[in-house]
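In listed order, ligands and their atoms are each counted from 1. The first residue of the sequence shown is numbered 1, and numbering continues consecutively from there.
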Amino acid sequence: MEIWIATGNQGKLKEIKSLLEKSYPNIKTFSLQDMKSFTPPPENGKTFEENARIKTKSFFASTNDKWVIGEDSGLEVDGLQGMPGIFSARYAGDHARDIENTSKVLKMLNLRSPANRKAQFRCVLMAYNPEGKEFLFEGILRGEIAKDMRGTNGFGYDNIFIPEGFQKTLAELSPMEKNKISHRAQAISKFIELFNSQA
Ligand code: ITT
């Protein structure tokens with residue numbers, strides 16, 4: 001049993017692999033780094049869905065009829081009109097580091113008073129079965145933006161996001177705790193239902 005994962009983001013990859021391995025301990029996973037000849041196309045879609053399709057479909061075309069999944073995800077802050085959204089990876093500029101993107105969110109909220117700090121992570125997951133049929137799944141995690149960065153686990157905006165019902169940021173939770181509630185975990189568990197019924 002194998003699944004190809006269309007991502008170059010190591011934080012995402014680690015989470016997706018461990019979520020899949022929980023259900024399928026013997027599963028083999030591969031990602032972009034296992035196919036050096038593949039260059040991902042530019043993510044120039046206008047929605048999470050379009051971008052998820054762009055990366056996943058092009059990777060599927062290079063994998064020779066395997067199960068392929070990929071996802072586009074990001075942080076949507078209510079008080080910033082849903083930004084950074086699809087621009088999450090490059091909010092502070094192309095090739096911005098996590099700390100630069102995270103600092104920009106805090107700074108933009110500090111410019112507003114009172115700021116609405118409610119926010120959500122969204123994950124739109126695209127899957128292709130070996131016949132090339134497309135499936136779409138979504139996961140949303142509601143929460144709020146912390147006043148400062150806290151914690152060192154995870155990646156991206158984890159250190160400023162406090163999930164609903166918690167006092168800690170995602171970066172202060174263990175990877176296992178994040179994987180019980182995350183937007184990505186929700187989307188992957190919907191994918192697993194499909195995979196169970198087809199593979
Ligand atoms: P791939 O396209 O190769 O998968 P990417 O990093 O470019 O990797 P996206 O375009 O989907 O991925 O951007 C998602 C960004 O949203 C990511 O770089 C993080 O900054 C943020 N993000 C998504 N999920 C997150 C999570 O669980 N925790 C923290 N930040 C997250």
With a cut-off of 4.0 Å, which atoms of ligand 1 are near a heavy atom of [X]?
X      : result
Asp72  : 9 (P), 10 (O), 11 (O)
Thr7   : 1 (P), 3 (O), 4 (O), 8 (O)
Lys178 : 26 (C), 27 (O), 28 (N)
Ala89  : 13 (O), 15 (C), 18 (O)
His183 : 24 (N), 25 (C), 26 (C), 27 (O)

>> I need the single residue from Phe135, Tyr128, Trp67 that forms a ring pair (Phe, Tyr, Trp, His ring centres under 6.0 Å) with Phe60. Which is it?
In response: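 One option only clears the test, and that one is Tyr128.
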> With hydrophobic residues grouped by side-chain heavy-atom distances under 4.5 Å, do Ile188 and Tyr24 end up in a single group?
Replying inline: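 Shared cluster, yes.
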For [atom], what's the nearest protein heavy atom and its distance?
atom                    : value
atom 20 (O) of ligand 1 : Tyr157 CE1, 3.3 Å
atom 14 (C) of ligand 1 : Ser73 O, 3.0 Å
atom 31 (C) of ligand 1 : Phe121 CE2, 3.5 Å
atom 16 (O) of ligand 1 : Ser88 CB, 3.3 Å
atom 3 (O) of ligand 1  : Gly8 N, 2.8 Å
atom 9 (P) of ligand 1  : Lys12 NZ, 3.5 Å
atom 28 (N) of ligand 1 : Asp158 OD1, 2.6 Å
atom 8 (O) of ligand 1  : Asn9 CB, 3.3 Å

>> So that I can tick it off, tell me whether Arg150 and Asp158 are bridged by a salt bridge, with the cut-off set at under 4.0 angstrom between side-chain N and carboxylate O.
In response: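 The answer is no: the pair does not qualify as a salt bridge.
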> So does Lys57 pair up with Glu134, basic N to acidic O under 4.0 Å?
Replying inline: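 A salt bridge is absent here (no side-chain N lies under 4.0 Å from a carboxylate O).
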Quick check: [X] and ligand 1, any N/O pair under 3.5 Å apart?
X      : value
Gly156 : no
Glu15  : no
Arg184 : yes

> Side-chain donor-acceptor pair under 3.5 Å between Ser73 and Glu71, yes or no?
Replying inline: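 Looking only at side-chain atoms, Glu71 and Ser73 do form a donor-acceptor pair, the distance falling under 3.5 Å.
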> Do the side-chain N and O atoms of Glu138 and Gln186 include a donor-acceptor pair separated by under 3.5 angstrom?
Replying inline: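 Per modelled atom types, Glu138 and Gln186 side chains form no pair under 3.5 Å.
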>> Would you call the rings of Phe30 and Trp4 parallel, tilted or perpendicular, taking 30° and 60° as the class edges?
In response: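 Phe30 and Trp4: parallel rings.
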> Any idea how Phe121 and His183 line up, ring-wise: parallel (<30°), tilted (30 to 60°), or perpendicular (>60°)?
Replying inline: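 Parallel, since the angle between the ring planes stays under 30°.
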> Backbone, side chain, both or neither: what part of Phe161 comes under 4.0 angstrom of ligand 1, heavy atoms only?
Replying inline: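 Neither; no heavy atom under 4.0 Å.
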> Counting only N and O atoms by type, is there a donor-acceptor contact under 3.5 Å from the side chain of Asn51 to the main-chain atoms of Gly45?
Replying inline: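 Present.
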>> One pair to check against side-chain contact (heavy atoms from CB on, under 4.5 Å): Ile160 and Asp148. What are the steps and the verdict?
In response: CA-CA 6 Å; Ile160 56 164; Asp148 310 289; over 6 Å; no
> Going through the distances and angles, do Glu100 and Lys104 end up as a salt bridge (Lys or Arg N to Asp or Glu O under 4.0 Å)?
Replying inline: CA-CA 6 Å; Glu100 292 163 332; Lys104 183 166 176 188; over 6 Å; no
> Does ligand 1 have any atom sitting under 4.0 Å from a heavy atom of Gly74?
Replying inline: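 Under 4.0 Å: yes for Gly74.
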